[in-house]
2 protein chains.
Amino acid sequence: MSVVRRRMTKQRSVIYDILCADYTHPTAEVIYGKTQKVLPNISLGTVYRNLNLLAEDGMIKKLDLGDDKVHFDADISSHSHFICEQCGKIIDIDVDTNDLKQLENDLATKNKLIVHSAALVFRGICDECVCKS
Amino acid sequence: MSVVRRRMTKQRSVIYDILCADYTHPTAEVIYGKTQKVLPNISLGTVYRNLNLLAEDGMIKKLDLGDDKVHFDADISSHSHFICEQCGKIIDIDVDTNDLKQLENDLATKNKLIVHSAALVFRGICDECVCKS
DNA sequence: TTACGTGCAAAATCTTTGCCCCTGA
DNA sequence: TCAGGGGCAAAGATTTTGCACGTAA
């Protein structure tokens with residue numbers, strides 16, 4: 001409703017910067033660890049709080065990828081993910097946006113509903129793990 | 001590796017039957033509630049244990065849909081889901097399997113990896129909630 | 001008979017929150 | 001100045017697990 005007055009604190013900007021420089025889709029715990037190297041006194045609660053605020057403001061994305069932790073991504077563009085079931089690595093996938101948009105439109109038309117977003121998650125074995133086996 | 005010798009106990013079969021008759025993609029907690037009506041002494045731990053065993057045996061599917069609870073589905077066919085952000089309802093979606101298979105194949109070929117599965121989750125407002133507003 | 005399964009409760013995980021002091025604008 | 005923010009620890013929520021007893025095959 002009303003715009004929340006939000007300060008850009010040291011903590012929040014460090015968290016954001018760290019996430020922007022990290023392409024591994026880290027969890028809050030991992031981000032906490034990295035943040036501590038810059039701000040030794042920061043607390044885990046603060047990390048969670050700020051990640052949620054950043055997500056709320058649309059600056060980052062929360063990713064639910066099927067393990068029980070939430071992952072975070074500073075890349076807010078529309079893209080899909082591939083998760084390696086062996087090493088756990090998460091890879092960004094550029095699915096042709098048109099294909100997905102097409103699916104969304106069909107769905108909306110057929111069922112008379114409104115689609116806000118579509119998340120596509122692939123699971124399997126990544127190239128590195130395939131080579132190893 | 002070796003096939004685990006698994007008994008079909010009263011508890012497990014009741015849980016399975018309940019899930020087969022439920023098309024709402026219930027959580028463990030909800031299934032627990034329904035199971036208690038048949039087996040009043042069953043415990044939540046047993047429900048979790050059996051749901052995980054059934055999933056392990058491929059008789060049911062675990063669904064990670066973005067809220068923090070795991071949902072279960074006795075429909076193990078390949079299909080997608082739509083979640084209403086207003087009422088929380090989960091609807092099965094029959095996306096054209098060919099489209100998704102096509103995406104999987106492209107992905108596998110381009111990146112030299114193996115795709116085991118693809119999960120597609122749409123979010124938005126369902127037809128009923130659209131009408132209400 | 002006997003290994004697998006269950007009930008119960010405690011524990012483990014991940015995330016949120018209350019409280020009081022601190023600080024950015 | 002002073003409302004939003006942080007640190008800390010406790011609380012919540014969901015899921016797993018250890019243990020002793022029960023039961024299917």
Side-chain angles (χ1 to χ4, degrees), chain A residues 1-19 24-57 59-73 83 88 90, chain B residues 1-19 25-57 59-73 88 90:
Chain A
M1 192 97 300
S2 61
V3 176
V4 179
R5 184 211 266 3
R6 198 151 284 168
R7 294 179 191 157
M8 183 46 68
T9 60
K10 188 76 187 168
Q11 287 85 344
R12 187 166 314 141
S13 81
V14 167
I15 289 170
Y16 182 65
D17 289 348
I18 283 174
L19 191 55
T24 67
H25 313 79
T27 60
E29 191 74 37
V30 171
I31 295 165
Y32 174 53
K34 290 194 172 192
T35 310
Q36 279 185 307
K37 292 181 183 168
V38 183
L39 305 170
N41 290 320
I42 198 168
S43 70
L44 183 55
T46 297
V47 172
Y48 272 105
R49 229 172 339 223
N50 279 303
L51 287 170
N52 283 333
L53 291 175
L54 287 167
E56 206 172 279
D57 292 349
M59 295 174 68
I60 66 173
K61 266 183 167 176
K62 292 175 88 161
L63 305 178
D64 268 285
L65 297 175
D67 56 352
D68 34 11
K69 303 166 198 174
V70 177
H71 295 254
F72 294 88
D73 193 348
I83 303 170
I90 300 165
Chain B
M1 189 95 290
S2 62
V3 176
V4 178
R5 183 211 267 4
R6 198 151 283 167
R7 296 180 189 155
M8 183 46 69
T9 60
K10 188 75 187 169
Q11 286 85 346
R12 181 137 64 230
S13 81
V14 167
I15 289 170
Y16 182 64
D17 289 347
I18 283 174
L19 191 56
H25 313 80
T27 60
E29 191 73 37
V30 171
I31 295 166
Y32 174 53
K34 290 195 171 192
T35 310
Q36 279 185 306
K37 294 181 182 169
V38 183
L39 304 171
N41 290 319
I42 199 168
S43 71
L44 183 56
T46 297
V47 172
Y48 271 105
R49 230 172 336 220
N50 279 304
L51 287 169
N52 282 333
L53 291 175
L54 287 167
E56 207 172 276
D57 292 349
M59 295 174 68
I60 67 173
K61 266 182 166 176
K62 292 175 87 160
L63 305 179
D64 269 285
L65 297 174
D67 56 353
D68 34 13
K69 303 168 199 174
V70 178
H71 295 254
F72 294 88
D73 194 347
I90 301 165

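To find a chain, count down the sequence lines: A is the first, B the second, and so on, and within it residues start at 1.
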Determine the minimum heavy-atom distance between [X] and [Y], stating which atoms define it.
X	Y	result
B:Val47	B:Ala28	CG1-O, 3.9 Å
B:Gly66	A:Asp64	O-OD2, 3.1 Å
A:Ile15	A:Thr46	CD1-O, 4.3 Å
B:Tyr32	B:Ile42	CE1-O, 3.5 Å

- Query: Want to settle it: does B:Asn52 or A:Asn41 sit nearer the 5' end of DNA chain D, counting the closest nucleotide to each?
  - Reply: A:Asn41

- Query: Mapping B:Asp68 and B:Met8 to their closest nucleotides on DNA chain D, which lands nearer the 5' end?
  - Reply: B:Asp68

Once you round it to whole Å, what is the distance between [atom2] of [N] and [atom1] of [X]?
X	N	atom1	atom2	value
B:Asp67	C:dT16	CG	P	13 Å
A:Leu39	D:dG5	CG	P	16 Å
B:Tyr32	C:dC8	OH	C1'	10 Å
A:His71	C:dT13	NE2	C1'	14 Å
B:Glu56	D:dT16	CD	P	11 Å
A:Leu53	C:dT16	CG	C1'	12 Å
B:Ile42	D:dT23	CD1	P	14 Å
A:Lys10	D:dG6	NZ	P	13 Å

- Message: At 4.0 Å (heavy atoms only), tell me whether B:Arg49 reaches a base, stays on the sugar-phosphate, or touches nothing.
- Response: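 It contacts base atoms.
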
- Query: Contact class for A:Leu44 (heavy atom, under 4.0 Å): base, sugar-phosphate, or nothing?
  - Reply: base

If the cut-off is 4.0 Å, is [X] near the phosphate of [N], judged by side-chain N/O to OP1 or OP2?
X	N	answer
A:Thr9	D:dG6	yes
A:Thr46	D:dG7	yes
B:Gln11	C:dG7	yes
A:Tyr48	C:dT16	no

- Interatomic distance, B:Gln36 atom CD to B:Asn41 atom CG [nearest 0.5 angstrom]: 9.0 Å

- Message: Once hydrogens and angles are ignored, does a donor-acceptor distance under 3.5 Å link the base of C:dG5 to the side chain of B:Arg7?
- Response: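 A donor-acceptor contact between them is absent.
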
